[in-house]
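Heads up, the thing below is written out as C-alpha cells.
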Amino acid sequence: RQVTVQRKEKDFEGMLEYNKEDEALLAKTLINDIRPSTVSGTVPCLPAYILFMCIRHADYINDDQKVESLLTSTINTIKKVLKKNNDDFEMTSFWLANTSRLLHCLKQYSGEEGFMTHNTPKQNEHCLKNFDLTEYRQVLSDLSIQIYQQLIKVAEGIIQPMIVSAMLESESIPSLAGVKPMGYRNRSSSLDTDADGPTSYTLQALIKQLGQFHNTMQDHGLDPEIIGQVVRQLFHCINAVTLNNLLLRKDVCSWSTGMQLRYNTSQMEEWLRANNLYQSKAAATLEPIIQAAQLLQVKKKTSQDAEAICTLCTALTTQQIVKILNLYTPLNEFEERVTVSFIRNIQNRLQERNDPPQLLLDTKYTFPVLFPYSPSALSLETLHIPASLNLDFLVRV
Amino acid sequence: RPPSRPRILLKAPTLAEMEEMNISEEEESP
C-alpha cells in the first residue's frame, strides 16, 4: 500500500516562503509571463492569493524590507503588464480581478475588526502579525481604479463602432425590413453592399460582444459588483452614442426606427435579466433612448398628445425633445409632419423644468467607480499551486 | 482570539511616485 508522506493540510499555515533573490523570478513568472488561460480551471484570482501568501510569510518573519520590496515589485510588474496589453480586454480584466483581490486580502487579513466579521476562526489566525499595510492598500486601490479605467476604454473601443448600426440601422425586427422614411435609402443594406465601406453590425453581434466581456470577467473571478459597474458604464456609452446619432440624423427619426429602437432596448434589458445584472443600474442608463423611441412612436397632434409627451419624456431635456420632434420624418404620404404649433405647445409646457440647454450627451462621462470590500471564503492553507505555474521555488509553510 | 499587538505601519510611496522611481531605475540600467 502506498504510504502518504505528504503533510496534511492542517499542518500548513497558509504561507509561502521564498528566497529574497527569487523575488524578481516570482514577479516574472507569476505576473509578467502568466496568461489567464494558464490558471483557468483553478481557484479564481490564484496569483493574488499566492502573492498574499508570500507577503504573509515576509510579515511572519518580521522582514519589513521583504514585504515592501515584494509589494513594490508586484505593483510595478502589474503596471508593466497593463501597459504592454493596453488594448487587451482579457489581460486587463484578469489583472483587475487579481489586483482588487489582493487589495481585499490585505483588508481581510489586516487584523482590523471591521474587516474580520465574516472571517472563520482559521482566517483570523492568518491575519498579518507585524505590519500595517494601510498605505499599500491605498496604492492598490489607486491601481485598481487605473486598471478599471483601462478596461472601460478597451471595451468601449470594441463596441463603439458597433453601436449605431446595431441600435439604429440594423433590422432586428424582420417585418420592418425596408420600412424607411420617404426619400431615404435603406442605409444598412447599402452599407452591406459597399465592400470598402464600414462594416455593419447587428444587435445580436453587439449583445454577443457584451456576453463575451461578461463571461471573461466572470471567469477571472472579478467581483459581481465591479462587473455590474463595467456593464453600467458600457450601457451608458451605448445610450449616449445612440441618442446623439438620433439627435443628428433625420433619416433615423421615424416611427419605424422608434419601433426598432424600442425592440432593441428591450432585448438589452432581457440580456441584463438573463445575466442577473438588472440590479446593476445599467437598465436605468437606457432610459433616454427608451423614451426617445417612445417619442418617435406616439401621436404628436393634439394638446393631450403634448401633455402625454411631457409626462413621458422625463429623461430627455427640452432641447432633445424639441430636436427629435423637429427632425421627425413621416414614413409615407398618409403621415403628417409635426406642426410648429405642436412643438411650441410642448416648449411652453416644459418651460418650468428649467432644463440645461444641453443637446448631446457626454459619451465619455464615467460614473465614479467603487470597489466594495468583498472578503473571500477561501482557506489559505488549502491552496494548491499547479506545477504548470513553475513556482517550485516557493515553499508551502 | 489572541490579543494582537499594534502593527508597524509600512510607509508606501504613491502610485505616481512608484512609477517615477521605476522609470529612473529603467533609465539607469543599460
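All values derive from a computational prediction rather than experimental measurement. Order of the sequence lines fixes the chain letters, A, B, ..., with proteins taken first and strands second; residue numbering starts at 1 for each chain. The figures that follow rest on heavy atoms only: side chains count, while hydrogens, waters and symmetry mates do not.
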Would you find more than 12 non-hydrogen atoms of other residues, nucleotides or ligands less than 6.0 Å from [X] atom [atom1]?
X       : atom1 : answer
K84(A)  : NZ    : yes
K80(A)  : NZ    : no
K28(A)  : NZ    : no
Y60(A)  : OH    : no
K153(A) : NZ    : no

Top of [options] for chain B proximity - count of heavy-atom pairs under 4.5 angstrom:
options                          : value
L133(A), D132(A), T134(A)        : D132(A)
L71(A), D142(A), L128(A), D59(A) : L128(A)
D64(A), L140(A), N76(A), V67(A)  : N76(A)

*Does any heavy atom of chain B fall under 4.5 Å from the side chain of L143(A), the backbone, both, or neither of them?*
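Contact with chain B involves both backbone and side-chain atoms of L143(A).
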
*Below 4.5 Å from any heavy atom of chain B, which atoms of Q138(A) appear? Answer side chain, backbone, both or neither.*
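Neither; nothing under 4.5 Å.
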
Quick one: closest heavy-atom pair of [X] and [Y], and the distance?
X      : Y       : result
L10(B) : E135(A) : O-CB, 3.8 Å
P13(B) : V139(A) : O-CG2, 3.2 Å
R7(B)  : C127(A) : NH2-CB, 4.3 Å

